[in-house]
Amino acid sequence: MDQLLSTEASAIPQVSKLIPHMSYGGDYNPEQWNENIWLEDARLMKEAGVNLVSLGIFSWVKIEPRDGEYDFSWLDRVIDILHAHDIGINLATATASTPAWFVRKYPDSLPVEADGTRLSFGSRQHYCPNHKPLLAYTEKLVRTIATRYKDHPALKMWHINNEYGCHVSRCYCDNCAAAFRTWLQERYGTIEELNARWGTRFWSQQYGEWEEIQPPRKAPTFCNPGQQLDYFRFMNDSLLNLYLTEKRILREITPAVPISTNFMDFFKPLDYFRWAKEVDVATWDSYPDPREGQPVRAAMMHDLMRSLRKGQPFFLMEQVTSQVNWRDINVNKAPGVMRLWSYSAIGHGGDGILFFQWRQSRAGAEKFHGGMIPHSNDENSRIYREVKALGQELKKLNGLIGARTPAKVAIIFDWENWWAVELDSKPHNDLPYVQRVAAYYNECFKRNIAVDFVQPSDDLTAYDIVIAPMLYMVKPGEAENLEGYVSGGGTLIVSYFSGIVDENDRFYPGEFPAPLRKLLGIQVEEFDPYPQGHANTVTYRGQAYGCSLWSDVIQLEGAEAVATYTGHWYAGRPAVTSHSSGSGNAVYIGTELDADCLGALLGEMLTTKGISAPLSAPEQVEVLQRDTEQNKHLLIINYNQEEVCLDLPENEDYVNLLTGERVSGSITVSGIDVAVLQY
Ligand code: GLA
Ligand code: ZN
């Protein structure tokens, strides 16, 4: 498997050059409809400005109705109709759900849960990633589809599978157990090394032979953390291997056609930084709850998507026009909200806006899920009118394609750290990693400060401030990288419960936070996790603020205290510290500061570094910058019901691309409206 996990060195298709316009469209499932609707679909798509549809995602059984018998006649007709209407296709490889005949022939292709339950056919994504015949059938299907359509002018992109791991992210069957042993042998070489890495002297867990090793199935109590962590890695690799199996075939047959697969919102099981190396464009599916108002978490995810490929624009591959079907209560989006959220995606680096799905289904589990054409099939429906208006409007934004987001602040986000820090049996077992990251992100978001996400081993020199929330796991080379960043002049912020374990979830020898101790100039003597409802206070710049969840009891070893605890037995001891190193400094935040304190602290650092928003704006107004070689752009998104007026820098003339108007001095943006200024 490891041989497959390599990044290509050769030239990859440049999406912004191949698709030099804003992509607009959605998932298209024509097999759910009689053919007489297809022409009507194409007409309405064209009217709505649709130029790209994801086709055939769940079409395996329609393409291969019986083992080895292919029927492409229907797909040929659909593609020709779309092409005749200038609509490109993001052609799916149709592997997202195996057909009933396949499952009947290979019942052992059904995945098994940690408790031994084998899942059944009847919904979707019911496959084990290490099932050999599945890989063989997948290869054959993908090769057949690619060979048939490789020269079709409508083919713009490949959509491999769908949302890998969404429903079944880990399989615990015997096929997987065997593949896991091979994976471990490749990783560790000897059983002695594995025993050392997993710390199996504990609880008599030592292994004598590879065959004794099992996946971390349901066990009497906590499974070995090293074993769990490696199983997460192995399952990530297993699904990635499935993806790469398809990708190799597509690249061989259509080397110039971009390839992607759609990612999901902060999806823990898959390390998207690794996956992103293997896609030509990052794409993701965003479904914030309309009850949220301003979708901050989606903004954070957009930024992560843009960062996965080092600033390359992403595609919003799916969103819903109004309401989904899978929440307890599926609230709809009020008029204008879908448009606003689409612009937010563009502002954060999106070059494509697509929906799930084109036409609302008549039957099946998702029939209450919205579509671009609602069930009423009414061209005058609010939904279709909004879809059409947005599609027409986005044609004005082709100048933004490929535009980059300048960011001076980066937040470290690391999937393996996420897996490790949320394993069981910790001092505090309710500290979701993404929430810790979000606390820092939100303070930047509120201030309209652009944020990139990075990995701890990345080159950080482009950033003035780097934030490492809860970096519990520090892998080889990472501490040195952070040290180099700080000594070169960077400001690093590290938060509590960082620098605790190595890549196998073993403590580093020496006092906490061992690998970062010198850099931070502190020692953490004790952890004090707070029960629900308990809190403490800190003093920062003479003012009192709240803190909760956790406090580190800190001893200074060269750092100075910036804030101190005012309560508990460690009152008066440092809560936040700062340590100069080379020409930079490393700040440690030993507790969960309330938003006011974090805001004050971060605000001060941003000012010191001269980092500010592109424009100053009232609350609930996003200001986002995207630059091409030719032009700069400001996207101003007003989530308020009331209009807002923003001052613009003097000596600069702008054009509002949406209205064509020239603007200078200031700009007024109506409630629930947006402006895109080019200059
Ligand atoms: C996901 C899937 C789609 C559909 C939507 C519904 O994003 O990729 O097939 O199920 O959810 O929201
Ligand atoms: Zn399996």
Side-chain angles (χ1 to χ4, degrees), residues 1 26-29 31-32 53-60 90 92 94-98 103 106-119 123-135 159-183 214-217 231 234-239 241-242 260-267 283-290 298 301 315-327 330-333 354-361 364-372:
M1 192 183 292
D27 282 22
Y28 184 36
N29 297 305
E31 69 267 38
Q32 293 179 14
V53 293
S54 307
L55 184 64
I57 294 176
F58 293 100
S59 304
W60 190 335
N90 174 28
T95 52
S97 267
T98 48
V103 175
Y106 298 107
D108 66 331
S109 68
L110 291 167
V112 174
E113 296 188 321
D115 68 356
T117 309
R118 195 177 280 279
L119 302 178
S123 66
R124 64 174 175 182
Q125 210 178 68
H126 41 262
Y127 55 78
C128 157
N130 287 300
H131 185 258
K132 293 226 160 64
L134 171 82
L135 272 127
H159 185 294
I160 293 187
N161 201 288
N162 191 62
E163 293 189 338
Y164 276 100
C166 174
H167 310 294
V168 182
S169 57
R170 287 175 197 129
C171 176
Y172 295 81
C173 78
D174 290 341
N175 293 325
C176 288
F180 183 43
R181 287 177 207 118
T182 310
W183 184 93
Q214 299 293 341
R217 291 175 173 144
Y231 208 67
F234 161 69
M235 270 297 149
N236 176 60
D237 284 4
S238 298
L239 286 165
N241 178 43
L242 215 50
S260 193
T261 184
N262 47 344
F263 298 155
M264 288 165 282
D265 177 76
F266 288 98
F267 187 63
T283 67
W284 84 286
D285 304 342
S286 176
Y287 292 97
D289 193 330
M301 194 64 200
F315 277 29
L316 178 61
M317 192 50 89
E318 290 181 23
Q319 65 170 340
V320 68
T321 46
S322 184
Q323 67 204 136
V324 299
N325 64 303
W326 42 261
R327 290 198 170 93
N330 298 296
V331 172
N332 56 15
K333 293 181 183 167
L354 294 96
F355 296 84
F356 177 85
Q357 59 176 330
W358 166 249
R359 187 180 279 281
Q360 184 168 2
S361 298
E366 292 183 329
K367 59 185 172 298
F368 284 106
H369 193 291
M372 299 162 82

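Both ligands and their constituent atoms are indexed starting at 1 by order of listing.
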Requested in this report: List the steps and the verdict of side chain to side chain contact (heavy atoms under 4.5 Å, CB included) for Met301 and Ser286.
Outcome: CA-CA 9 Å; Met301 194 64 200; Ser286 176; over 6 Å; no
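When rounded to 10 degrees, the angle formed at the Zn ion (ligand 2) by SG (Cys171) and SG (Cys176) equals 110°. With the Zn ion (ligand 2) as the vertex, SG (Cys173) and SG (Cys128) define an angle of 100°, rounded to 10°.
Asp174 has a carboxylate O that lies under 4.0 Å from a charged side-chain N of Arg217, or vice versa, which qualifies the two as a salt bridge.
Within the 4.5 Å cutoff, the side chain of Leu354 has heavy atoms near those of the Phe315 side chain.
The closest donor-acceptor contact from the side chain of Thr283 to the backbone of Leu316 lies at 3.5 Å or more, if one exists at all.
Put simply, CD1 on Ile160 and CG on Asn90 are 10.5 Å apart, with the number rounded to the nearest 0.5 Å.
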Side-chain donor-acceptor pairs under 3.5 Å in residues 161-171, sequence neighbours left out?
unit_1: Asn161; atom_1: OD1; unit_2: Tyr127; atom_2: OH; d: 3.4
unit_1: Asn161; atom_1: ND2; unit_2: Thr95; atom_2: O; d: 3.3
unit_1: Asn161; atom_1: ND2; unit_2: Thr95; atom_2: OG1; d: 3.3
unit_1: Asn161; atom_1: ND2; unit_2: Tyr127; atom_2: OH; d: 3.3
unit_1: Asn162; atom_1: OD1; unit_2: Asn262; atom_2: ND2; d: 2.8
unit_1: His167; atom_1: NE2; unit_2: Arg124; atom_2: NE; d: 2.9
unit_1: His167; atom_1: NE2; unit_2: Arg124; atom_2: NH2; d: 3.3

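If you look at ligand 1, the protein residues with a non-hydrogen atom under 4.0 Å away are Phe58, Arg124, Asn162, Glu163, Asp285, Tyr287, Glu318, Trp326, Phe356, Glu366, His369.
The residue from Asn241, Leu135, Leu239 that alone fulfils the side chain to side chain contact (heavy atoms under 4.5 Å, CB included) condition with Pro129 is Leu239.
His131 lies apart from the Zn ion (ligand 2) in this respect, since none of its N, O or S atoms is found at a distance under 2.8 Å.
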